[in-house]
Novice: 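Take a look at this one; I'll ask things after.
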Amino acid sequence: MQDPTRQELEAWDRRHVWHAFSQMAEYEPLIIDRADGCVLVDIDGNEYIDGVSSLWCNVHGHRHPTIDAAIRRQLDRVAHVTSLGSSNPTTITLARRLVELTPEGLEHVFFSSDGSSAVEVAVKMALQYWRQREDPRPEKTRYVALGEAYHGDTLGSVSVGGVARFHAMFGPLLFEPFRVPSPNPYRLPEGVTADTMLDHYLGQVEEVLRKHHDMIAAMVIEPLVQGAAGMIMHPPGYLRGVRELTRRYDVLLIADEVAVGFGRTGRMFACEHEQVTPDVLCLAKGLTGGYLPMAATLTTDTIWNAFLGDYAESRSFFHGHTYGGNPLSAAAAMATLDVFEEERTLEHLQEKIARLAEHLDRIAKLPHVGDTRQCGLIGAVELVRDVATKEPYPWAEKRGIRVCEHAKTEGVLLRPLGNILVIMPPLAISLQQLDRIAEAVSHGIVQSDELRG
Ligand SMILES: Cc1ncc(COP(=O)(O)O)c(C=O)c1O
């Protein structure tokens with residue numbers, strides 16, 4: 001079969017490929033043909049710095065020789081082995097390594113295929129745990145989740161999610177968690193200040209737990225940063241406080257580190273910043289360096305033990321995905337962890353984090369920038385119509401999209417969250433590339449402001 005022409009590719013892309021979170025009536029094809037490090041190259045040879053880490057998952061850059069080689073080596077052994085009743089050396093070794101790397105106390109790894117599944121697994125695991133433990137608590141069937149949370153797009157993850165624009169539509173299919181407001185330091189409620197916000201928001205968590213802990217199986221949280229909500233960055237101490245409260249009220253804590261895990265916050269895992277061990281930890285995205293689909297849900301001996309028993313007792317965890325624990329993905333994950341060590345990624349990250357901070361300081365002074373915020377190598381710029389009142393731009397004005405469209409003309413690929421610009425390149429980004437991203441964002445902000453007049 002002949003290679004399709006550029007025109008054919010564009011036409012087929014528009015006609016046949018239904019792109020995620022995209023309005024297909026307006027979709028403009030951007031067809032990436034290859035990549036090198038942190039640079040993506042389209043079919044016309046145009047280069048773009050990957051400023052969004054291919055949706056928050058790329059860690060060490062594209063086509064990293066160590067990861068490429070590990071996948072090739074694994075291909076010469078076996079590409080796939082089912083995890084239903086069998087195993088393979090690469091996946092076993094990865095499980096061991098994840099247990100060693102993650103916060104103390106997490107001992108067991110359930111592999112699945114993507115971040116949504118990692119959370120889905122966690123939610124189901126928590127429910128089954130309460131039903132099966134020695135002193136069963138079958139009435140514990142409810143969850144606590146944060147306002148504007150995002151945990152993925154399968155129905156369990158959507159149920160604990162809270163981004164109205166994405167999730168409201170599916171209401172009839174969802175279960176209802178107890179909802180606590182997202183601690184958003186930029187948009188504090190009347191009467192709450194920077195000094196009182198931590199107590200205020202933890203107080204709200206405590207109220208729900210105090211009233212309803214008897215029926216609550218688990219609280220689900222994106223530690224430190226609520227990604228899809230618009231990179232909302234929680235006040236320091238919030239995660240630790242939530243851990244203490246969930247422990248006090250005998251509620252499991254599920255930490256969804258799908259977006260913030262693997263170095264993104266400046267440490268390997270966000271929970272490390274507040275010395276927290278959750279009862280269940282969800283990982284995906286950066287786990288394979290952004291190469292292949294894989295997720296992991298880790299948990300403690302306590303939870304694991306509730307699933308042990310005779311075959312006839314039917315205490316197994318009734319959940320599984322065909323490709324869970326796939327050896328090719330596991331090989332990519334092992335190599336990703338090797339590169340962290342060999343290239344001392346976290347050490348080198350610190351100067352990039354500092355450089356991003358400098359850029360954000362400058363960007364904060366541009367017109368219509370209401371807030372800039374940063375956690376590790378996550379930078380966010382919130383554009384508002386009125387800086388004094390924090391009045392948001394109407395969604396339909398596509399403020400964020402317009403800035404990103406401009407950035408693309410400067411060879412920088414970004415994806416906004418509504419009016420919030422997100423700078424989230426691979427950890428392997430160079431300082432020069434980071435400068436270019438910040439420049440493109442700044443120009444985009446200024447230009448879209450001028451265009452509007
Ligand atoms: C915090 C969080 N959890 C879960 C998910 C879902 O992951 P996936 O898209 O791999 O299903 C995401 C995706 O962005 C996420 O940010």
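For ligands, and for the atoms within them, numbers begin at 1 and follow the listed sequence. FYI, the numbering just counts along the sequence from 1.
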Novice: Starting from the N and O atoms of ligand 1, find every protein N or O within less than 3.5 Å and list the pair with its distance.
Specialist:
unit_1   : atom_1 : unit_2 : atom_2 : d
ligand 1 : 3 (N)  : Asp256 : OD1    : 3.3
ligand 1 : 3 (N)  : Asp256 : OD2    : 2.6
ligand 1 : 7 (O)  : Ser116 : N      : 3.4
ligand 1 : 10 (O) : Gly115 : N      : 2.8
ligand 1 : 11 (O) : Gly115 : N      : 3.4
ligand 1 : 11 (O) : Ser116 : N      : 2.8
ligand 1 : 11 (O) : Ser116 : OG     : 2.5
ligand 1 : 14 (O) : Lys285 : NZ     : 3.0

Novice: Charged N to carboxylate O below 4.0 Å: is that the case for Glu382 and Arg373?
Specialist: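 A salt bridge links Glu382 with Arg373.
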Novice: Applying side-chain contact (heavy atoms from CB on, under 4.5 Å) between Met334 and each of Thr66, Ile67, Thr93, report the one that passes.
Specialist: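 Exactly one option meets the side-chain contact (heavy atoms from CB on, under 4.5 Å) with Met334, and it is Thr93.
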Novice: Any ion pair linking Arg240 and Glu244 (charged N to carboxylate O, less than 4.0 Å)?
Specialist: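 Looking at Glu244 and Arg240, the cut-off is met.
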Novice: Starting at OH of Tyr129, measure out to OG1 of Thr299 and round the result to the nearest 0.5 Å.
Specialist: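 The distance works out to 9.0 Å.
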Novice: Give, for atom CD1 of Ile423 and atom CE of Met231, the distance between the pair rounded to the nearest 0.5 Å.
Specialist: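 Going from CD1 on Ile423 over to CE on Met231, the span is 11.0 Å.
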Novice: Under the rule for side chain to side chain contact (heavy atoms under 4.5 Å, CB included), what residues qualify as partners of Leu349, not counting sequence neighbours?
Specialist: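 So Leu349 forms a side chain to side chain contact (heavy atoms under 4.5 Å, CB included) with Leu346, Lys352, Ile353, Leu377, Leu427.
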